[in-house]
Structures are given as C-alpha cells and as structure tokens.
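Just so we're clear, the structure is a prediction, and the values are computed from it rather than from any experiment.
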Amino acid sequence: MKETVKKNSNRLYFNYKSLDSFTGGLKKDDLVILGTDPIRKAVVVATNLIREVVKQDKQVLYVSLGKDKEELLNPNILIDDESASIIDVEKRAAAHQGFDLIMIDNSNKTWNDTYLVKTKTYHRYKKMAENVRIPVLILTGVSSIIGTRSRPRHIKVIEYCNYMFFLYRPVLQQYQEDYNHRTDDLFNEMEIRMFNFKTRTEIKAYAIYSKETYEIREISSRIRKLLRLARSLGLNAEDSIRYAFYWEDKELPEDRTDNIDKGEQDDDQRWTL
C-alpha cells in the first residue's frame, strides 16, 4: 500500500497503488461502488481507505456509519448517521463546503429492489457527484450484487458507475510458498477485483490484512520478502504480518530481504520486534 503513483492535484487517491493506477485518481464527479464479502468487512475496508485519504489532509463525509462510527473519529471526517435519503446527503454535502470524498454505507438494500428503483437510485448518486463536484463511494455486499464471482457486466445500473471494486477472501492463497505455508497457520489475504465499465477493463490485485489491527496493505515485493524473513525467524502468521507492516517503510539493521528472496534463511534474531 505504501507504493503510490504520480499524483494529479485535481484528483483523489487512496494510496493503494493498484487502485490509484487503475483509476488514475478519482475525478470530482466519479461514482464508485465498493463491495466486500462478507459485508461486515465493509467498515474495515472503509476505515483503511479513509485513513489514507485524511493523511493527505482531505475531508471526508461518511454517511450512516452506525455503531462502528467511533473507529473513524477524526477532525477530517464528518460522520452523518441521520440522513435518510439521497436528498439529505446532498443537503449535508452542500452545507459543508470542502469535502473531498463522500462515502455511503446505507445502500445495501437497494440491490434487492426492483431494476427501476436501483436505476433511479444510482442515477441520483451519480447526479449528486456531478452536482456537488465530489466523488461518491458506495459500500455494499458483494453477494447482494452478483451472488458469485462471475463478471458483473450484466448489471445495468453500472451505466451510472465509473468503477467497481470487489474485495473477496481468495479461494487459494496467492503467495503461500513465499510465506512458508502451513495449513494450520494461514495468512489473511484479500483479492481485489477492479472494473472499469467505460473502457471494459478489469484487473486483480491482492492485499493482506491483520486481524489484530484490521490494517490492510497490498502485497508488494517488499511485503513478501519481509513475510518470508519473519517466517524464517519462526514467527506465526499474525506476528509475521505485524513484523512486515512495521518494517515495510523502514530499513532493517542489515537489510537481508534480498538474501531471503534468493532462498537464504537466516536464524539471526536481530530483527525481531
């Protein structure tokens, strides 16, 4: 996640290299749907995205966060758990100038509505983004959108959507050999599927997350090397994640990740936290 792309000051970035490279940064009138499986991970994902946005001194309007809202308390975040309609959200956005992102997590039920209702709803969200000139990101559950991992290209409401990001638990771990895979000690991976229906393109990326801190980071080459190094020191999966996240942006006392990448496993304990 720490690897970022070259930024345009007129666009919004999440500091996730795969997302930012795919979108080129969100424009001020973009509508994005972000689905998670299971839906309870939506707040976890939102927390990570918002954390990266506010680090850039950006302002976020988060709508209907509910019981988990205390996790996101921050001077740059306005939490709105009172708005009951798109009109309410529009009024709130218009009343508080300076927002850089509107994130809404109360739209899950719309996927069970009729096609007409869904079309009107997402058309309104897109129009809201255009009217207030703020990108809008909608959180929802993947299963309520497509039910399976098949391509969601037949959902007609996508004509109003610029991007869709879906986060799943992958069927097979992508880097188990890198991690000294043990069946009783699994790493927590997420598969990120990104769709741009205007250009008919899609890509996949992979992230790893900590059940301890709920932090999510993309699986970069350095993260893989640090995880392998942690495993060579005898750490379990969660401790290896904590180790890798800690050292990702730091220089090890003697950075031997290249040696680990070549297959050298060193039992030296100098790098333990």
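Taking the side chain as every heavy atom from C-beta outward, M128 and V136 approach each other to under 4.5 Å. By the 4.5 Å heavy-atom criterion applied to side chains, I219 and R224 are counted as neighbours. Within the 4.5 Å cutoff, side-chain heavy atoms of E212 are placed close to those of S210. The side-chain heavy atoms of I134 and D100, taken from C-beta on, include no pair separated by under 4.5 Å. Side-chain contact between L229 and W247: absent, with no pair of heavy atoms (C-beta onward) separated by less than 4.5 Å. Counting heavy atoms from C-beta outward, E248 and R217 have side chains that approach closer than 4.5 Å. With contacts defined as side-chain heavy-atom distances shorter than 4.5 Å, the pair N48/F14 does not qualify. Two residues are said to be in side-chain contact when any heavy atoms from C-beta on lie closer than 4.5 Å; R92 and V63 fail this criterion.
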side-chain contact (heavy atoms from CB on, under 4.5 Å) between L137 and Y125, intermediate numbers included: CA-CA 9 Å; L137 188 150; Y125 280 132; over 6 Å; no
Audit row: R11, N8, side-chain hydrogen bond (donor to acceptor under 3.5 Å, both in side chains) steps and yes/no: CA-CA 6 Å; R11 299 199 174 195; N8 180 325; 5.6 Å; no
One pair to check against side-chain contact (heavy atoms from CB on, under 4.5 Å): Y206 and E218. What are the steps and the verdict? CA-CA 6 Å; Y206 294 90; E218 286 182 292; over 6 Å; no
Yes or no on ring-ring contact (aromatic ring centres under 6.0 Å, His included) for F166 and F195, after CA distance, side-chain angles and deciding distance? CA-CA 9 Å; F166 296 151; F195 299 85; 5.5 Å; yes
Give the intermediate values and the outcome of side-chain contact (heavy atoms from CB on, under 4.5 Å) for residues I216 and Y16. CA-CA 10 Å; I216 299 172; Y16 283 77; 3.7 Å; yes
Please determine whether side-chain contact (heavy atoms from CB on, under 4.5 Å) holds for the pair I208 and F245, giving the CA-CA distance in whole Å, both sets of side-chain angles, and the decisive distance to 0.1 Å. CA-CA 10 Å; I208 196 163; F245 286 5; 3.7 Å; yes
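From E202, atom CD reaches atom CE of M164 across 12.5 Å, with rounding to the nearest 0.5 Å. Taking CG of L167 as the start and CD of E191 as the end, the distance is 9.0 Å to the nearest 0.5 Å. Rounding to the nearest 0.5 angstrom, the gap separating the CG atom in L31 from the CD1 atom in I33 is 6.0 Å. To the nearest 0.5 Å, atoms CZ (R228) and CG (L233) are separated by 13.0 Å. Atoms CG and CG, on L49 and L12 in that order, are 10.0 Å from each other to the nearest 0.5 Å. With rounding to the nearest 0.5 Å, the separation of CG in L61 from CD1 in I77 is 10.5 Å.
Residues satisfying the side chain to side chain contact (heavy atoms under 4.5 Å, CB included) test with T199, not counting sequence neighbours, are N196, T201. Among residues two or more places apart in sequence or in another chain, the side chain to side chain contact (heavy atoms under 4.5 Å, CB included) test is passed with K211 by N188, Y209, E238. In this view, A230 and L235, S240, Y243 satisfy the side chain to side chain contact (heavy atoms under 4.5 Å, CB included) rule, not counting sequence neighbours. Applying the side chain to side chain donor-acceptor pair (under 3.5 Å) test to Q59 and every residue at least two apart in sequence or in another chain returns nothing. For the side chain to side chain donor-acceptor pair (under 3.5 Å) test, residues two or more places apart in sequence or in another chain that qualify with R124 are E90. In this structure, the side chain to side chain donor-acceptor pair (under 3.5 Å) partners of K126, at least two apart in sequence or on a different chain, are N162. For E130, the salt bridge (charged side-chain N to carboxylate O under 4.0 Å, His left out) partners are K127, not counting sequence neighbours. Partners of Y163 according to the side chain to side chain donor-acceptor pair (under 3.5 Å) rule, which considers only residues two or more places apart in sequence or in another chain, do not exist here. Every residue meeting the salt bridge (charged side-chain N to carboxylate O under 4.0 Å, His left out) condition with K27, not counting sequence neighbours, appears here in chain and number order: D30.
Taking each heavy atom of A46 and Y62 in turn, the nearest pair found is CB-OH, 3.5 Å. Closest of all the heavy-atom pairs between M194 and A205 is CE-CB, 3.9 Å.
Salt bridge K91/D88: absent, no basic N to carboxylate O contact under 4.0 Å.
Remark: the backbone N or O of R169 is not paired with any side-chain donor or acceptor of E189 at under 3.5 angstrom. Remark: the backbone N or O of E52 is paired with a side-chain donor or acceptor of Q56 at under 3.5 angstrom. Within the 3.5 Å criterion, the main-chain N or O of D29 finds no donor-acceptor partner in the side chain of R133.
The local environment of CD1 in I87 is sparse, with at most 12 non-hydrogen atoms from other residues, nucleotides or ligands closer than 6.0 Å.
Screening I50, I192, L34, L139 for a side chain to side chain contact (heavy atoms under 4.5 Å, CB included) with V45, the sole residue that qualifies is L34.
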